[in-house]
Every structure is written in structure tokens, then in C-alpha cells.
Amino acid sequence: MAAKVTTAAVLDLSDDGRRLAIGARRLANNATTDHRRYGDPAYFVPSMMDVQVIDTTTGAADRVGTGLMNVRTAAFTRDGARLALLTAAETSAGLPVTTLWVYDVAGKRLTQVPRAAGAEVAANSDLAWTPDGTKLLVALRNPADDQAAHAAFQALVS
């Protein structure tokens, strides 16, 4: 019987080094990569993972959320009190849909940030907290731009 291999990726480390966010995953957790869509600006390879926040002084680990998440990027506030996560899904039309989350480390609560219609967070956005940790800066993208880019890709390969 083959062993279940789990890999872990470092998502972010707090500035003081006290908190580490990792994504643990097994190959079986991910949908098949659609290699025919490489080059499609609206396609993102699945990256389903179990997100954990580890206290590096004690080794204690807390699971973020209740299941696997398709994480694009993550960022701690400077004090490590909150972790922002950007996740992505795909519509039936093959277009990306992003969700922005904030995890409160002390309260162990994951909260979805409300979306603004017509100005979704870009699936390839970086996450940057302001120095005081009160605001999160992201890149926005009009969903119509994703639709146009996907249509242009389809025209090129058809």
C-alpha cells in the first residue's frame, strides 16, 4: 500500500516570527490540473490545502476553517493577530471567483470579507496590511475583464 504523502507550504510568517501559517496538502486533495488551459489568464491550477496557524514558541497548531481551501495567498498583520487569506473557485463557465477571508488568531474565527459588486479581488492579487493592521490592500478586477480574457484565449486555441 502506498503511503499518503503530505506536503506543507509556508504561506506566511509573522514579523516577530511567533506565528507561522502553513498549507498542508495531499496530491489526492486536488482536482486534476487542466493542462489545456495553461496560458488562459482566467485559469488557476487547483491548490486545495488544509490551512494551519502554528505558534512557533509552543508548537501548538490551530486549523483555519473547517476543510480544504483553494488558497492563492496569505498575509499576517505585523503583530500576527490576524491572517488574511485569498481563496479561489471556478464558475461553471471556467471563470475565477475569489473570496477574501480574515482569521482572528486569538478568537480562532474565520470571517469572510464582503464582496463589492463589479470589483472583485483579483485572483492573482497580493495581500498587504497597512502598518497598523487596520486595513488590507488588494488588487481589484472587474469580472468582465476575466470573461473577455477567457474568451480571447478560447478564440486563440479553437
Side-chain angles (χ1 to χ4, degrees), residues 7-25 29-54 62-154 156-157:
T7 60
V10 173
L11 299 174
D12 199 25
L13 178 67
S14 63
D15 283 359
D16 62 5
R18 184 168 176 232
R19 294 200 171 102
L20 176 68
I22 66 161
R25 58 185 279 189
N29 290 344
N30 287 289
T32 304
T33 299
D34 186 351
H35 296 285
R36 295 169 296 167
R37 292 204 44 206
Y38 274 117
D40 182 347
Y43 178 67
F44 293 91
V45 175
S47 183
M48 300 300 288
M49 59 184 67
D50 180 26
V51 179
Q52 299 175 29
V53 172
I54 300 170
D62 292 316
R63 187 172 188 196
V64 176
T66 58
L68 297 173
M69 303 172 83
N70 189 10
V71 177
R72 307 307 316 158
T73 189
F76 276 111
T77 54
R78 283 190 174 173
D79 62 3
R82 289 181 289 159
L83 176 69
L85 296 162
L86 180 62
T87 61
E90 192 172 77
T91 67
S92 59
L95 299 172
V97 176
T98 58
T99 304
L100 187 59
W101 305 87
V102 174
Y103 179 70
D104 174 10
V105 176
K108 299 181 183 178
R109 284 183 310 272
L110 183 65
T111 305
Q112 183 177 344
V113 176
R115 299 176 188 197
E120 302 283 338
V121 177
N124 61 349
S125 177
D126 285 332
L127 301 175
W129 288 96
T130 55
D132 63 2
T134 60
K135 293 182 177 66
L136 183 62
L137 306 175
V138 297
L140 300 179
R141 183 169 178 90
N142 186 326
D145 293 339
D146 287 326
Q147 189 172 11
H150 180 63
F153 175 79
Q154 293 291 16
L156 283 171
V157 298

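Worth knowing before you read on, the calculation uses all heavy atoms, side chains too, and leaves out hydrogens, waters and symmetry mates.
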Side chain to side chain donor-acceptor pair (under 3.5 Å) pairs, two or more places apart, involving residues 81-92 |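 Every pair satisfying side chain to side chain donor-acceptor pair (under 3.5 Å) with a residue in residues 81-92: Arg37-Glu90, Thr87-Trp101.
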Gap between atom [atom2] of [Y] and atom [atom1] of [X] - 0.5 Å precision:
X: Thr73; Y: Leu85; atom1: OG1; atom2: CG; answer: 8.5 Å
X: Arg109; Y: Tyr103; atom1: CZ; atom2: OH; answer: 9.5 Å
X: Leu13; Y: Ile22; atom1: CG; atom2: CD1; answer: 12.0 Å
X: Leu127; Y: Asp12; atom1: CG; atom2: CG; answer: 9.0 Å
X: Asn142; Y: Glu120; atom1: CG; atom2: CD; answer: 9.0 Å
X: Asn70; Y: Thr98; atom1: CG; atom2: OG1; answer: 11.0 Å

By salt bridge (charged side-chain N to carboxylate O under 4.0 Å, His left out) - contacts of Asp145 (at least two apart) | none
Residues in side-chain contact (heavy atoms from CB on, under 4.5 Å) contact with [X], at least two apart in sequence or another chain:
X: Ala149; value: Pro41, Arg141
X: Val157; value: Phe153, Gln154
X: Asp15; value: Arg78
X: Leu140; value: Ala119, Val121, Val138

Show the numbers, then the answer: is there a side chain to side chain contact (heavy atoms under 4.5 Å, CB included) between Val64 and Val53?
-> CA-CA 7 Å; Val64 176; Val53 172; 3.7 Å; yes
Nearest non-hydrogen partners of [X] and [Y], listed with the distance:
X: Phe76; Y: Ser14; value: CD1-N, 3.6 Å
X: Arg25; Y: Met48; value: CB-O, 3.4 Å
X: Ala139; Y: Ser125; value: N-OG, 2.8 Å

With sequence neighbours excluded, residues passing side chain to side chain donor-acceptor pair (under 3.5 Å) with [X]:
X: Thr77; answer: Asp79
X: Asp50; answer: Gln52, Arg63
X: Asp126; answer: none
X: Asp62; answer: Lys108

Should [X] and [Y] count as side-chain neighbours, where that means a heavy-atom distance under 4.5 Å?
X: Arg19; Y: Val105; result: yes
X: Leu100; Y: Leu136; result: yes
X: Met69; Y: Thr99; result: no

